[in-house]
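In what follows, a structure is listed as structure tokens, so that the remarks can point back to it.
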Amino acid sequence: MTTTTGLPVMRETTYDIGARQIFAAETGDGPPVLLLHGGGPGASGVSNYARNIAELAKQYRVIVPDLPGYGRSTKGIDPADPFGDLADGIRGLLDALDLEKVHLVGNSYGGACALRLALDTPERVDRMVLMGPGGIGTTRALPTPGLSSLLNYYTGDGPSRPKLEKFIRHYLVFNAADVPDATIDERYEASIVPEVVASPPLQRPSGPGALRTVWRMDFTRDPRLNRLPVPTLVLWGAADKVNRPSGGPMLADRMPNCDLYLVANTGHWVQFERADLFNRLCADFLAGRR
């Protein structure tokens with residue numbers, strides 16, 4: 001059964017994970033796959049993967065959480081180690097679901113979460129798909145215009161729908177017309193929840209420990225990357241304006257079991273912009289068919 005949006009009916013649960021709550025929706029049967037969303041303003045799990053859930057659920061048990069700081073999960077992220085805090089929250093979700101080992105699929109901020117979880121506890125990850133993940137070579141060049149737009153959303157004159165629309169249509173995707181107005185409206189409303197405005201989940205590191213935080217957030221500085229055993233597929237839009245496509249070869253060069261697929265005429269949102277291609281590659285890779 002599907003809803004009017006084309007999504008399957010999903011079971012919705014809020015889990016107590018230590019001092020925070022994490023919301024997750026799930027559907028389908030089979031090997032468990034967690035879909036971890038990106039970190040743009042107003043992002044959430046189901047909205048980020050609206051074009052993928054139904055197809056992947058034909059073969060997998062698809063679990064779609066709202067990352068800590070987003071959606072219906074508890075707001076607030078540890079600014080000293082944001083990727084580690086995200087990974088801790090999702091690992092706690094795995095424990096709550098009684099899942100010893102899962103596939104991870106992560107877009108952008110969610111890709112950084114997946115990669116950190118795999119580095120910290122590789123025994124919990126079966127296979128991993130990363131789409132334009134954050135934290136790749138970030139100390140080796142200045143932020144891209146797209147990442148600066150994202151980080152500046154809550155600064156200056158504060159959040160607004162025009163700022164969000166510019167980020168999404170100009171920086172997030174290759175074809176601006178591909179994103180419906182309703183998607184921008186939904187994300188804008190989620191981005192101005194008072195708790196989020198008071199403590200944005202994605203912001204520039206600051207304070208005395210900022211340099212250490214910045215260094216820790218660049219996975220290419222982590223020696224564990226060179227020996228990470230998890231089979232990984234990296235998908236990167238060739239026209240990504242948020243995270244540089246050069247991050248793809250960086251991962252392929254360092255990770256011993258990494259396949260790289262550069263997607264032409266595609267921006268930062270591969271799973272949305274090239275949904276048919278993504279669904280096929282993702283399903284086949286997780287099943288070990290490539």
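- The side chain to side chain donor-acceptor pair (under 3.5 Å) pairs that include a residue from residues 189-199 are Y153-S191, where partners are two or more places apart or lie in different chains.
- R169 contributes a side-chain N or O that, together with a main-chain N or O of V179, makes up a donor-acceptor pair within less than 3.5 Å.
- With sequence neighbours excluded, the residues satisfying salt bridge (charged side-chain N to carboxylate O under 4.0 Å, His left out) with R216 are D81.
- By the side-chain hydrogen bond (donor to acceptor under 3.5 Å, both in side chains) test, D185 pairs with R161, sequence neighbours left out.
- With R124 contributing its side chain and L117 its backbone, the two residues share no donor-acceptor pair below 3.5 Å.
- A side chain to side chain donor-acceptor pair (under 3.5 Å) check over residues 201-214, counting only residues at least two apart or in different chains, returns the pairs N152-R204.
- Screening T74, D88, D85 against R20 for a side-chain hydrogen bond (donor to acceptor under 3.5 Å, both in side chains) leaves a single residue, D85.
- At a threshold of 4.0 Å, the pair R116-D120 counts as salt-bridged, since one of the basic side-chain nitrogens sits closer than that to a carboxylate oxygen.
- Using the six-membered ring where Trp is involved, W269 and F272 have ring planes that are parallel, under 30° apart on the 30 and 60° scheme.
- Side-chain contact between Q271 and V129 is absent, with no heavy-atom pair separated by less than 4.5 Å.
- Panel note: side chain T138, backbone I136; no donor-acceptor pair is recorded below 3.5 Å.
- Note on residues 33-77: pairs passing ring-ring contact (aromatic ring centres under 6.0 Å, His included), not counting sequence neighbours, are H37-Y70.
- With a 6.0 Å radius and a threshold of 12 heavy atoms from other residues, nucleotides or ligands, K75 has its NZ atom above the threshold.
- Between I22 and P68 the shortest side-chain heavy-atom distance falls below 4.5 Å.
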Pairs of donor and acceptor atoms involving the side chains of residues 241-250, under 3.5 Å and at least two apart or interchain, shall be tabulated with distances.
unit_1: K241; atom_1: NZ; unit_2: H170; atom_2: O; d: 3.1
unit_1: N243; atom_1: ND2; unit_2: G132; atom_2: O; d: 2.9
unit_1: N243; atom_1: ND2; unit_2: P133; atom_2: O; d: 3.4
unit_1: R244; atom_1: NH1; unit_2: L142; atom_2: O; d: 2.8
unit_1: R244; atom_1: NH2; unit_2: L142; atom_2: O; d: 2.8

